[in-house]
Amino acid sequence: MKNCFFKALGIKTTDRAALLRFSRKSAVPMDRLAYYNRNNILPTGKDLQAVCNTAGITETQLMLTMGIFDDRLRALLRKNADSIYQFIENFQDAVSTEFPMPPLALKTKLGRLYQGDCLSLMQHIESDSVDLIFADPPFNLNKIYPSNIDDNLKTEQYLSWCKNWMDECIRILKPGGSFFIWNLPKWNTHLAGYLNHRLTFRHWISVDIKYTLPIKGRLYPSHYALLYYCKGEKPKAFHPDRLPMDICPHCMGDLKDYGGYKNKMNPDGVNLTDVWLDIPPVRHRKYKKRNGSNELSVRLMDRIIEMASDEGDLVFDPFGGSGTTYAVAEIKKRKWLGIEIGPVDDIIVRFENIYEDADHIERIRRNINCLITKNDLKRRIENGWWTPDSVRKKNLKKV
Ligand SMILES: C[S@@+](CC[C@H](N)C(=O)[O-])C[C@H]1O[C@@H](n2cnc3c(N)ncnc32)[C@H](O)[C@@H]1O
């Protein structure tokens with residue numbers, strides 16, 4: 001979908017003079033025309049009228065050329081599906097690319113790691129065979145990866161690449177399986193639009209992590225978007241953790257006023273919401289498994305794998321990185337499949353020291369699924385605050 005807007009107007013991208021003429025004739029500034037073209041955005045209001053009149057085309061022609069479909073166009077396409085299919089069948093590319101199986105880089109008790117392109121591996125995975133897929137692709141931020149992949153694609157190229165690997169993920173996901181995608185909100189708005197036609201939307205989870213410095217003229221970007229979909233009506237596995245209530249780390253008092261509801265609170269903790277405030281960025285050397293950024297926290301993967309799979313299930317992550325998904329899956333007794341296009345040495349070393357991740361997960365698990373952690377409970381009692389036991393006893397006395 002490159003330069004579709006200019007194509008519809010009959011302007012060659014390299015022909016600045018033609019663009020200038022069009023801009024003068026339509027009275028739509030050149031930079032605005034360039035903006036519509038660069039982002040494949042349909043003009044609206046007076047710009048739409050001016051552009052169509054000047055180019056001598058209708059709004060429908062413009063939308064078709066730009067590949068933008070509203071409900072009216074979609075209905076027309078559906079109504080004429082047979083004849084449209086007959087027409088396009090003649091143009092279909094008959095050659096489908098076959099990828100060779102990438103080489104195996106690591107085999108563990110429960111998993112296999114390959115080195116190569118995720119698309120080539122997925123071609124060899126059977127349809128409807130994976131229980132949980134988690135994908136953390138490069139964000140197209142022009143970062144330098146050890147694999148030297150091109151992280152500065154044109155928007156349309158990046159989205160088309162994402163659709164390719166998402167299509168394969170959807171194909172290999174079992175009915176009842178869950179699919180998570182970690183990305184910037186900017187990209188996930190597009191990916192969600194695509195997935196909404198193929199899977200069932202469960203949640204858009206906002207994970208509160210600051211990932212850049214404040215940008216002038218913009219709000220400070222402070223969350224990653226974690227898309228959560230399932231294949232079919234509902235997921236086969238869904239066991240979200242419960243979290244401890246918020247407590248002041250100094251006086252140990254409540255940070256929220258629970259009023260008369262203290263005795264109604266679940267001693268196993270508060271419900272997990274779709275805003276996650278407790279996921280740390282992996283910056284500390286102690287936890288980092290490879291140089292550079294992009295490594296996700298063990299706490300995040302522990303939560304996702306626990307929530308959306310069972311022991312013995314098969315977990316797949318198409319973008320290995322430092323292997324966080326694979327290590328957590330192994331520790332949590334899930335089978336796993338993985339692939340990384342760049343060097344895989346860090347993942348192999350990580351597995352040699354997997355007890356470090358196991359210890360980490362054990363510490364995380366000790367402090368969830370309770371309303372007040374063991375440590376906090378002791379200090380809260382010392383400071384004279386209520387506990388689930390004390391409110392329950394008080395209630396019993398009333399009876
Ligand atoms: C954002 S990182 C993933 C980090 C990982 N979640 C972790 O916690 O360490 C994305 C990774 O995908 C890899 N990658 C990019 N394109 C790929 C492809 N086509 N197939 C397999 N891996 C790819 C990159 O080399 C990079 O290591």
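Remember, it's 1-based here, ligands and their atoms both numbered in the order they're listed.
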K.L.:
Side chain, backbone, both or neither: which part of Cys118 comes within less than 4.0 Å of ligand 1 when only heavy atoms are counted?
P.N.:
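The answer is both, backbone and side chain.
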K.L.:
Using ring centroids (six-membered ring only for Trp), state whether Trp187 and Tyr158 fall under 6.0 Å.
P.N.:
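Yes, the ring centres sit under 6.0 Å apart.
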K.L.:
Would Leu132 and Phe179 count as a side-chain contact (heavy atoms from CB on, under 4.5 Å) here? Give the steps.
P.N.:
CA-CA 6 Å; Leu132 165 63; Phe179 187 14; over 6 Å; no
K.L.:
How about NZ on Lys7, more than 12 heavy atoms from neighbouring residues, nucleotides or ligands closer than 6.0 Å, or not?
P.N.:
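No - once you tally the heavy atoms of other residues, nucleotides and ligands closer than 6.0 Å, there are 12 at most.
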K.L.:
Show which atoms of ligand 1 fall inside a sub-4.0 Å distance from at least one heavy-atom site of Gly116.
P.N.:
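The list of qualifying atoms is 20 (N), 21 (C).
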K.L.:
For Ile149, counting its heavy atoms only, list the atoms of ligand 1 lying under 4.0 Å from any of them.
P.N.:
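Under 4.0 Å from Ile149, ligand 1 has these atoms: 15 (C).
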K.L.:
For the aromatic rings, using the six-membered ring if either is Trp, is the centroid distance between Trp204 and Phe180 under 6.0 Å?
P.N.:
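Not under 6.0 Å, so no.
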K.L.:
Residue-level breakdown please: for Tyr145 versus ligand 1, do any non-hydrogen atoms fall below 4.0 Å on the side chain, on the backbone, on both, or on neither?
P.N.:
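Answer for Tyr145: side chain.
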K.L.:
Considering Phe319, Phe139, Trp182 one by one, which has a heavy atom nearer to atom 17 (C) of ligand 1 than any of the others?
P.N.:
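Heavy atom nearest to atom 17 (C) of ligand 1 belongs to Phe319.
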K.L.:
Please find out if less than 6.0 Å separates the ring center of Tyr224 from that of Trp182.
P.N.:
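Tyr224 vs Trp182: aromatic centres under 6.0 Å.
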K.L.:
I'd like to check which ligand 1 atoms, numbered from 1 as shown, lie under 4.0 Å from a non-hydrogen atom of Thr324.
P.N.:
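The list of qualifying atoms is 7 (C), 8 (O), 9 (O).
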K.L.:
Decide whether an N or O pair under 3.5 Å exists between Trp161 and ligand 1.
P.N.:
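Checking ligand 1 against Trp161, no N or O pair falls under 3.5 Å apart.
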K.L.:
Check contact between Pro146 and ligand 1, using heavy atoms of the residue and a distance below 4.0 angstrom.
P.N.:
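Contact absent.
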K.L.:
Should side-chain heavy atoms under 4.5 Å link Ile, Leu, Val, Met, Phe, Trp and Tyr, which residues sit in the same cluster as Leu213?
P.N.:
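Once heavy-atom contacts under 4.5 Å are chained together, Leu213 still belongs with nothing else.
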K.L.:
How would you list, by chain and number, every residue that makes a salt bridge (Lys or Arg N to Asp or Glu O under 4.0 Å) with Asp389, sequence neighbours excluded?
P.N.:
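In terms of salt bridge (Lys or Arg N to Asp or Glu O under 4.0 Å), with neighbours along the sequence ignored, Asp389 is linked to Arg392.
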K.L.:
Which of the atoms of ligand 1 are close to Pro138, meaning less than 4.0 Å from one of its heavy atoms?
P.N.:
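Those atoms are 15 (C).
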K.L.:
Would you say Glu340 has any N or O atom under 3.5 Å from an N or O of ligand 1, going by distance alone?
P.N.:
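Yes, Glu340 has an N/O under 3.5 Å of an N/O on ligand 1.
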K.L.:
Please say whether Ile341 places an N or O atom under 3.5 Å from an N or O atom belonging to ligand 1.
P.N.:
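Among all N and O atoms of Ile341, at least one is under 3.5 Å from an N or O of ligand 1.
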K.L.:
Just jot down the ligand 1 atoms closer than 4.0 angstrom to any heavy atom of Asp136, in number order.
P.N.:
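This gives 1 (C), 2 (S), 3 (C), 4 (C), 5 (C), 6 (N), 10 (C) as the contact atoms.
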K.L.:
Please lay out, stage by stage, how Asp278 and Arg303 fare under the test salt bridge (charged side-chain N to carboxylate O under 4.0 Å, His left out).
P.N.:
CA-CA 11 Å; Asp278 59 339; Arg303 181 168 300 166; 2.6 Å; yes
